[in-house]
Amino acid sequence: MPELPEVEVLRRDLLTRMPKPSRIRRLQFLSPKLRTPLTLPKSLLKKPIVVTGIERRSKFLVFRLEEGVFVSHLGMSGYWRAETKRSEIKHDHVIIEWENGDLWVYNDPRRFGIFEFHPDLSEVKWFTQLGPEPFSDEFLAQPVIDKIRGSQRAIKSIIMDAKVMVGVGNIYASEALYKAGINPFKPGNRVSFESLRRLLVVIRNTLSKAIDGGGSSIRDYVHASGEKGKFQNEHLVYGRSGEKCTQCDSKIQSKKIQGRSTFWCRKCQR
DNA sequence: CTTACCGCCTGTCGGC
DNA sequence: TGCCGACAGGCGGTAA
C-alpha cells in the first residue's frame, strides 16, 4: 500500500506519539505470521524493551532498540493504530503495549506486511541490495543515471526497482513520469541524460510534496490516528484514466506495465 | 546476466 | 441477489 511518503508520514506521527520513557511492557503477536513468521528470541521477553528511535529505510520502518531492532513493513494493506484502550479489529496482528498503557496495533488484512526482530541492522536481508534514498546526495549522482541508461526496461519499471532507487511505488511512478514529461513505456536507455536528470529531481520533489500532504490515502492508508492523507487530491494521472489531462486536451490513458496499472498522457509524455 | 511473471493474502467492485 | 473474475500503495523467487 504505502510508498515512501506514507511510511515517512507514519514514522513522524509515531515518533510524536512515543511515550517517554519509551519502554514496551508487553509485545503480543496475534497471528503466527505476516509475510514472515512473527517470532521473538526468549531473551527479549525477560525485561522491558526500550525503544530509542524510529527510522525509515526505503519503505521499511526501523524501531531502534537498546538491544537490536524491529524492522516493519506495511506491505499493501497494513496500518498502525495508536489507541489508549484496546479495540479488537479483524486482522490485528501485532500489539505493542507501552508501560504507560498506550497501545500501538498493527493491522494488515492481506498480511503482506513484516514485523521482525534483528539483533543488528547489518543482518537484515531486506536492506542488502537497496539503491539510494531519494533525499540523499547519491540519488542525483552518476551511478543511478548509469543504471537507468544501462537498462532496456520501461523507465517506469526501473524507477520502481529498489535496487536502482528506493521509495517509488506504483502511484508516484506514474505521477513523477507525468510531471517530467516522459512516457512510462520508454526504455531506460532511450531517455536522454537531460530528461533523466529532470526526472530524478521531479521524483524527489513529488515525494517531498506528498510527505507535506500527509501521504496518499487511496483505500487503506491512514495515519496512526485514523486520519487520512490529503495528497490523493493532488494526483494528476494516477486513478484518472479517461479524465482530461491537466495540460492538454487528450484523455489520460491506462495500461499495465509488468502487471501494474500505469497512467499517462500520450501527448504530454513522449 | 536481465527481465517478466507468479504467488503471497483478503476485500471490494463491476458485470452478468 | 449472488457468483466470479479483476484488481488493489510491495516484494522476492523463479523461469526463460
Side-chain angles (χ1 to χ4, degrees), chain A residues 1-11 30-38 56-61 71-80 89-93 106-116 124-131 134 146-177 184-189 203 206-207 209-211 213-223 228-235 237-242 254-263:
Chain A
M1 120 191 171
E3 304 182 30
L4 183 149
E6 289 71 35
V7 179
E8 179 60 21
V9 168
L10 172 63
R11 183 189 75 83
L30 305 181
S31 324
K33 70 186 270 289
L34 291 170
R35 180 168 181 179
T36 56
L38 287 167
R56 180 189 55 73
R57 177 70 178 109
S58 184
K59 300 168 189 168
F60 292 82
L61 280 180
V71 171
S72 178
H73 195 290
L74 300 175
M76 288 281 265
S77 56
Y79 69 89
W80 280 94
I89 298 181
K90 199 175 179 184
H91 304 305
D92 283 350
H93 303 297
Y106 180 70
N107 183 294
D108 185 358
R110 295 177 74 180
R111 279 178 273 138
F112 290 171
I114 291 163
F115 189 90
E116 296 174 343
V124 181
K125 66 164 187 177
W126 310 102
F127 299 161
T128 53
Q129 304 228 48
L130 296 181
D146 289 344
K147 266 191 186 171
I148 299 174
R149 300 210 66 190
S151 171
Q152 318 184 51
R153 303 161 72 192
I155 182 69
K156 180 186 179 235
S157 299
I158 302 175
I159 62 175
M160 287 177 66
D161 183 345
K163 294 193 198 72
V164 178
M165 64 182 70
V166 302
V168 180
N170 202 40
I171 291 178
Y172 298 111
S174 281
E175 291 299 311
L177 287 164
F185 292 86
K186 192 163 194 168
N189 58 8
I203 289 172
T206 303
L207 297 177
K209 289 262 173 57
I211 293 171
S216 301
S217 292
I218 298 299
R219 48 176 59 75
D220 305 308
Y221 177 75
V222 285
H223 303 174
K228 286 175 186 272
K230 294 189 177 74
F231 197 72
Q232 63 279 8
N233 303 320
E234 313 287 322
H235 294 172
V237 287
Y238 185 85
R240 297 193 183 279
S241 63
S254 169
K255 201 175 172 185
K256 299 216 171 226
I257 294 180
Q258 281 186 237
R260 313 298 303 277
S261 294
T262 306
F263 302 86

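Residue numbers start from 1 in every chain, and the chains themselves are labelled A, B, ... in the order their sequence lines are given, proteins ahead of strands.
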* Which of parallel (below 30°), tilted (30 to 60°) and perpendicular (above 60°) describes A:H73 and A:F60? ->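 Answer is perpendicular, since the angle exceeds 60°.
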* Over 60° means perpendicular and under 30° means parallel, so classify the ring planes of A:Y172 and A:H235, tilted if in between. => perpendicular
Please report, rounded to the nearest Å, how far the [atom2] atom of [N] is from the [atom1] atom of [X].
{"X": "A:Q232", "N": "C:dA8", "atom1": "CD", "atom2": "C1'", "answer": "15 Å"}
{"X": "A:I148", "N": "B:dT2", "atom1": "CD1", "atom2": "P", "answer": "15 Å"}
{"X": "A:L74", "N": "C:dA8", "atom1": "CG", "atom2": "C1'", "answer": "15 Å"}
{"X": "A:Y221", "N": "C:dG10", "atom1": "OH", "atom2": "C1'", "answer": "15 Å"}
{"X": "A:F127", "N": "C:dG12", "atom1": "CZ", "atom2": "P", "answer": "11 Å"}
{"X": "A:F115", "N": "C:dG10", "atom1": "CZ", "atom2": "P", "answer": "21 Å"}
{"X": "A:F60", "N": "C:dC11", "atom1": "CZ", "atom2": "C1'", "answer": "8 Å"}
{"X": "A:E6", "N": "C:dG10", "atom1": "CD", "atom2": "C1'", "answer": "12 Å"}

* Can you tell which of C:dG13, B:dT10, C:dC11 lies closest to the side chain of A:K125? -> C:dG13
* Structure fact -> Out of C:dC7, C:dG10, C:dC11, minimum distance to the side chain of A:S261 belongs to C:dC7
What distance, rounded to whole Å, do you find between the two [atom1] atoms, one in [N] and one in [M]?
{"N": "C:dC7", "M": "B:dC5", "atom1": "P", "value": "14 Å"}
{"N": "C:dT1", "M": "B:dT10", "atom1": "C1'", "value": "22 Å"}
{"N": "C:dA6", "M": "B:dC6", "atom1": "P", "value": "12 Å"}

* Asked: Using a 3.5 Å cut-off on both pairing distances, which stems of three or more Watson-Crick or G-U pairs include DNA chain B?
  -> B:2-8 with C:10-16, B:10-16 with C:2-8
* Asked: With sequence neighbours left out, what residues match A:S151 under side-chain hydrogen bond (donor to acceptor under 3.5 Å, both in side chains)?
  ->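 Residues passing side-chain hydrogen bond (donor to acceptor under 3.5 Å, both in side chains) with A:S151: none at all.
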* Residue list, side-chain hydrogen bond (donor to acceptor under 3.5 Å, both in side chains) with A:H93, at least two apart or on another chain ->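 Residues passing side-chain hydrogen bond (donor to acceptor under 3.5 Å, both in side chains) with A:H93: A:S31.
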* Indicate yes or no for a side-chain donor-acceptor contact from A:S72 to the backbone of A:I114 under 3.5 Å, with no hydrogens or angles considered. => yes
Is the phosphate of [N] approached by [X] (side-chain N or O, under 4.0 Å from OP1 or OP2)?
{"X": "A:K256", "N": "C:dA6", "answer": "no"}
{"X": "A:H73", "N": "C:dG10", "answer": "no"}
{"X": "A:R219", "N": "C:dC7", "answer": "no"}

* Considering residues at least two apart in sequence or located in another chain, which fulfil the salt bridge (Lys or Arg N to Asp or Glu O under 4.0 Å) criterion with A:R35? ->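 A:R35 satisfies salt bridge (Lys or Arg N to Asp or Glu O under 4.0 Å) with no residue once adjacent residues are dropped.
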By side-chain contact (heavy atoms from CB on, under 4.5 Å) - contacts of [X] (at least two apart):
{"X": "A:Q258", "value": "A:R153, A:S157"}
{"X": "A:P109", "value": "A:S77, A:H91, A:N107"}
{"X": "A:R219", "value": "none"}
{"X": "A:K209", "value": "A:F231"}

* Structure fact -> Nucleotide by nucleotide, nucleotides 3-9 of chain B touches protein heavy atoms under 4.0 Å in the pattern (B base, S sugar-phosphate only, - none) SS---BB
* To do: Mind checking A:Y172 for me? I need base, sugar-phosphate or nothing, with any heavy atom below 4.0 Å counting as a touch.
  =>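 Since no nucleic acid heavy atom lies under 4.0 Å of A:Y172, the category is nothing.
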